[in-house]
Amino acid sequence: MSVLTARPTYAALAAFLAGDAVASAIPVPYVAANMDAMRIPPRLRRAVPVAKAVTALGLASVFRFPLVARATTAALTLYFAGALGIHLRVGNRVANIVPAVLLLAVFAAMTVQGPHTADGGVRALKSGRGR
């Protein structure tokens, strides 16, 4: 098992995305300025915190529904590929591009590897198997 397949990693990233969803919903001045720089239209800005909150829930589902969590990492890979494209299109600063590149790489690797499920996951524990 690697760090990227560990359930606590999914939980930590879920918490990060939940916080990011709140920062996008408020919006925090830095986030608003970044969206201005990327020329995100207002109608799409309202969708960003919703998408981040939904993906936070998807990552947190790793404890009961590992396949949902894996599908979520695939969706996040696409999201951050799009974000990277937008950053490059507008010629954003490297400091703003690096997080998108790192998160794209992390979620792509997580999608390829999938989450670690110990002895069949939660359902195996309930049925008495795995003891």
Side-chain angles (χ1 to χ4, degrees):
M1 175 174 68
S2 78
V3 171
L4 292 179
T5 64
R7 291 175 177 187
T9 300
Y10 282 78
L13 287 168
F16 167 76
L17 282 172
D20 197 21
V22 170
S24 297
I26 291 174
V28 171
Y30 171 79
V31 173
N34 200 24
M35 287 191 184
D36 288 342
M38 295 190 323
R39 294 179 256 172
I40 306 294
R43 71 187 190 299
L44 289 180
R45 288 182 192 206
R46 290 188 295 270
V48 170
V50 173
K52 290 177 180 180
V54 169
T55 56
L57 290 173
L59 290 176
S61 76
V62 71
F63 297 99
R64 289 282 290 166
F65 306 107
L67 289 177
V68 171
R70 191 172 196 175
T72 302
T73 60
L76 284 162
T77 300
L78 295 174
Y79 175 86
F80 283 105
L84 175 59
I86 292 170
H87 281 291
L88 294 173
R89 177 180 54 89
V90 300
N92 213 335
R93 300 175 325 146
V94 171
N96 291 338
I97 295 172
V98 169
V101 170
L102 292 175
L103 289 167
L104 170 61
V106 166
F107 288 119
M110 290 174 79
T111 300
V112 170
Q113 294 180 16
H116 176 73
T117 55
D119 296 324
V122 173
R123 291 191 180 108
L125 295 174
K126 284 186 176 182
S127 67
R129 292 188 329 242
R131 288 187 192 185

Starting at CG of Asn96, measure out to CG of Asn34 and round the result to the nearest 0.5 Å.
-> 4.5 Å
Following the transitive rule for hydrophobic clusters with a side-chain heavy-atom cut-off under 4.5 Å over Ile, Leu, Val, Met, Phe, Trp and Tyr, establish whether Leu103 and Val28 coincide in one cluster.
-> yes
Applied to residues 83-115, the ring-ring contact (aromatic ring centres under 6.0 Å, His included) test, sequence neighbours excluded, yields Phe80-Phe107
Taking C-beta and beyond as the side chain, do Val31 and Val48 meet within less than 4.5 Å on heavy atoms?
-> no
Applied to residues 19-29, the salt bridge (Lys or Arg N to Asp or Glu O under 4.0 Å) test, sequence neighbours excluded, yields Asp20-Lys52
Determine which pairs satisfy salt bridge (Lys or Arg N to Asp or Glu O under 4.0 Å) with at least one residue from residues 22-36, sequence neighbours left out, and list them in order.
-> Asp36-Arg45
Between Pro66 and Thr117, what is the shortest heavy-atom contact and its length?
-> CG-CG2, 3.5 Å
Residues joined to Leu67 in its hydrophobic cluster, side chain to side chain under 4.5 Å directly or through other members, sorted by chain and number, are none
For Arg46, the salt bridge (charged side-chain N to carboxylate O under 4.0 Å, His left out) test, sequence neighbours excluded, returns none
Set of residues satisfying side-chain contact (heavy atoms from CB on, under 4.5 Å) with respect to Thr111, sequence neighbours excluded = Thr73, Ala74, Thr77
Is Leu44 reachable from Leu88 through a run of I, L, V, M, F, W or Y residues, each pair having side-chain heavy atoms under 4.5 Å apart?
-> yes
When Ile, Leu, Val, Met, Phe, Trp and Tyr are grouped by side-chain heavy atoms lying under 4.5 Å apart, directly or through other members, which residues fall in the same group as Leu102?
-> Val94, Val98
When clusters are formed by joining ILVMFWY residues with side-chain heavy atoms under 4.5 Å apart, either directly or through shared neighbours, do Val112 and Leu104 land in the same one?
-> no
Going hydrophobic residue to hydrophobic residue with side-chain gaps under 4.5 angstrom, can you get from Tyr10 over to Val106?
-> yes
Should side-chain heavy atoms under 4.5 Å link Ile, Leu, Val, Met, Phe, Trp and Tyr, which residues sit in the same cluster as Ile26?
-> Val22
Taking only residues two or more places apart in sequence or in another chain, which ones pass side-chain contact (heavy atoms from CB on, under 4.5 Å) with Ala18?
-> Ala56
Mind checking whether Met110 and Leu76 have side chains closer than 4.5 Å, heavy atoms only?
-> no
ring-ring contact (aromatic ring centres under 6.0 Å, His included) pairs, two or more places apart, involving residues 27-47 | none
side-chain contact (heavy atoms from CB on, under 4.5 Å) filter on Ala60, not counting sequence neighbours, yields Ala14
Which residues share a side-chain contact (heavy atoms from CB on, under 4.5 Å) with Ile86, sequence neighbours left out = Met38, Ile40, Arg89
What distance do Thr9 atom OG1 and Leu4 atom CG have between them, rounded to the nearest 0.5 Å?
-> 6.5 Å
Got Arg70 and Val62 here, is their nearest side-chain heavy-atom distance under 4.5 Å?
-> no
Can you name the closest pair of heavy atoms from Val68 and Ser61 and give their distance?
-> CG1-OG, 3.4 Å
Find out if a path of hydrophobic residues (ILVMFWY) with successive side-chain heavy-atom gaps under 4.5 Å connects Val101 to Phe16.
-> yes
Taking all non-hydrogen atoms of both residues into account, name the closest pair between Pro27 and Ala32 and its distance.
-> CG-CB, 4.0 Å
